[in-house]
Peer 1: 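Below you'll find the structure I mean.
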Amino acid sequence: MRGMEEMNVIWGVMLLTGIGYGVLTGRVNAISEALLSSAKEGVSLCVAMLGVMALWSGMMEIAKDAGLIQAIAGKLRPVMRFLFPAIPEGHPALESITTNCICNLLGLGSASTVYGLKAMEELEALEEERRTTESLSRNESSPDSLEHSANQRCKKGKDPGMRSRWSGRPAPRGTASNEMCNFLILNISSLQLIPMTMIAYRSQYGSVNPTAILAPGIVATAVSTGVAVIFCRAMDHLR
């Protein structure tokens, strides 16, 4: 919330600065025309992107119901275990993270937001469990209670023998956990094989060849994701 407030202040200052400069330089008419045309263009763009978002969100739901997402998630399971070794296997957060990554691979940034928020909620719930179990372990002085309780969330309907590879102390309340930070970094870098959102933007603004960004986009996002993975693993090792 604090970040949103800061962004609102920044955009507000930029907007007022531009309007003030236009008034001082006698370009009030240009300001009025820009405001009206930008508002119209913004509405048109939102309607166009809403259609794209609705289409691909629906496709993702169909793929999920058909089992395609689960099949792809199974292929990505070793990657997820490598990137998030401390999350108990079978935990709901892994499914949300995997679905978010699949959306990003398809360049569906808008559709991935829903699963990203859900993953953050699940990761926060996992961290809260760790805080609770750490408190219990202090009171009960049981060396096995912390790791045992960390797996309780994924016990129902799962293999009760599943265990967590997490060790250490939970993050304080109000502080992002290690898994949250890693997920955020990977989500921002986001390898994209088909940047559908950018293709839709280019098509909306009259690009002659909207798909020309495919190869440069794959190379750029592959490099950014590779750097992100190396950084996350290095920080995990140091931690």
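Fair warning: this is a prediction, and the values are worked out from it, not measured in the lab.
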Peer 1: Calculate, to the nearest 0.5 Å, the distance between atoms OG and CZ belonging to Ser177 and Arg130 respectively.
Peer 2: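 Going from OG on Ser177 over to CZ on Arg130, the span is 6.5 Å.
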Peer 1: Which pairs with one or both residues in residues 211-232 pass side chain to side chain donor-acceptor pair (under 3.5 Å), sequence neighbours excluded?
Peer 2: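 Of all non-adjacent pairs touching residues 211-232, those that pass side chain to side chain donor-acceptor pair (under 3.5 Å) are Asn209-Thr211.
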Peer 1: Answer yes when Glu121 and Lys118 have at least one side-chain N-carboxylate O distance shorter than 4.0 Å, and no when they do not.
Peer 2: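 Salt bridge flag = no for Lys118 with Glu121.
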Peer 1: Leu68: what forms a side chain to side chain contact (heavy atoms under 4.5 Å, CB included) with it, not counting sequence neighbours?
Peer 2: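 So Leu68 forms a side chain to side chain contact (heavy atoms under 4.5 Å, CB included) with Ala63, Ile72.
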Peer 1: So how far is it from Met180 CE to Glu122 CD, rounded to the nearest 0.5 Å?
Peer 2: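 Going from CE on Met180 over to CD on Glu122, the span is 10.5 Å.
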Peer 1: Within this structure, what is the CZ-SG distance for the pair Phe82 and Cys232, rounded to the nearest 0.5 Å?
Peer 2: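 Nearest 0.5 Å value for the CZ-SG distance: 10.0 Å.
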Peer 1: Please enumerate all residues that pass side chain to side chain contact (heavy atoms under 4.5 Å, CB included) together with Ser203, with sequence neighbours excluded.
Peer 2: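 In terms of side chain to side chain contact (heavy atoms under 4.5 Å, CB included), with neighbours along the sequence ignored, Ser203 is linked to Pro210.
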Peer 1: Which distance, rounded to the nearest 0.5 Å, do you find between the NE2 of His91 and the CG of Leu126?
Peer 2: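 Answer rounded to 0.5 Å: 4.0 Å.
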Peer 1: State which residues pass side chain to side chain donor-acceptor pair (under 3.5 Å) with Asn100; sequence neighbours excluded, sorted by chain then number.
Peer 2: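 For Asn100, the residues satisfying side chain to side chain donor-acceptor pair (under 3.5 Å) (neighbours in sequence not counted) are Asn104, Asn187.
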Peer 1: Are Val223 and Leu191 connected in the hydrophobic side-chain network, where two residues link if heavy atoms are under 4.5 Å apart?
Peer 2: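 Cluster IDs for Val223 and Leu191 differ.
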Peer 1: Just to verify, what does Glu95 make a side chain to side chain donor-acceptor pair (under 3.5 Å) with, not counting sequence neighbours?
Peer 2: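 Result, side chain to side chain donor-acceptor pair (under 3.5 Å) vs Glu95: none returned.
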Peer 1: For Ile10, enumerate each residue passing the side chain to side chain contact (heavy atoms under 4.5 Å, CB included) test, keeping only those at least two apart in sequence or located in another chain.
Peer 2: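 For Ile10 the side chain to side chain contact (heavy atoms under 4.5 Å, CB included) partners, ignoring immediate neighbours, are Met7, Met14.
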Peer 1: Mind checking whether Ile87 and Leu123 have side chains closer than 4.5 Å, heavy atoms only?
Peer 2: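 Counting from C-beta outward, Ile87 and Leu123 do come under 4.5 Å.
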Peer 1: Could I get the full list of side chain to side chain donor-acceptor pair (under 3.5 Å) partners for Glu33, not counting sequence neighbours?
Peer 2: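 Here no residue qualifies.
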Peer 1: side-chain contact (heavy atoms from CB on, under 4.5 Å), that's the test. Do Leu186 and Ile97 meet it? Break it down for me.
Peer 2: CA-CA 10 Å; Leu186 291 171; Ile97 291 173; over 6 Å; no
Peer 1: Once rounded to the nearest 0.5 Å, what's the spacing between atom CD1 of Ile102 and atom OG1 of Thr98?
Peer 2: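 It is 6.5 Å, given to the nearest 0.5 Å.
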Peer 1: Please report the C-alpha distance between Leu94 and Arg81 in whole Å, then the side-chain angles of each, then the deciding distance to 0.1 Å, and finally whether the side-chain contact (heavy atoms from CB on, under 4.5 Å) criterion is met.
Peer 2: CA-CA 9 Å; Leu94 283 176; Arg81 298 308 305 159; 3.3 Å; yes
Peer 1: Please report the interatomic distance CD(Glu179) to CE(Met120), rounded to the nearest 0.5 Å.
Peer 2: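 Rounded to the nearest 0.5 Å, the CD-CE separation comes out at 10.5 Å.
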Peer 1: So do the side chains of Ser189 and Val229 get within less than 4.5 Å of each other, counting heavy atoms only?
Peer 2: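 Of all side-chain heavy-atom pairs linking Val229 with Ser189, none is under 4.5 Å.
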Peer 1: Tell me, which pairs form a salt bridge (Lys or Arg N to Asp or Glu O under 4.0 Å) where one or both residues lie in residues 209-235, sequence neighbours left out?
Peer 2: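 For residues 209-235: Arg233-Asp236.
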Peer 1: Taking only residues two or more places apart in sequence, or in another chain, which ones meet Phe231 in a side chain to side chain contact (heavy atoms under 4.5 Å, CB included)?
Peer 2: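 For Phe231, the residues satisfying side chain to side chain contact (heavy atoms under 4.5 Å, CB included) (neighbours in sequence not counted) are Ile185, Met235.
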Peer 1: Determine the minimum heavy-atom distance between Pro216 and Ala212, stating which atoms define it.
Peer 2: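 Nearest pair, atom of Pro216 first, then Ala212: CD-O, 3.6 Å.
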Peer 1: Under a 4.5 Å side-chain heavy-atom rule over Ile, Leu, Val, Met, Phe, Trp and Tyr, are Phe84 and Ile188 clustered together?
Peer 2: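 Per the 4.5 Å side-chain linkage, Phe84 and Ile188 are co-clustered.
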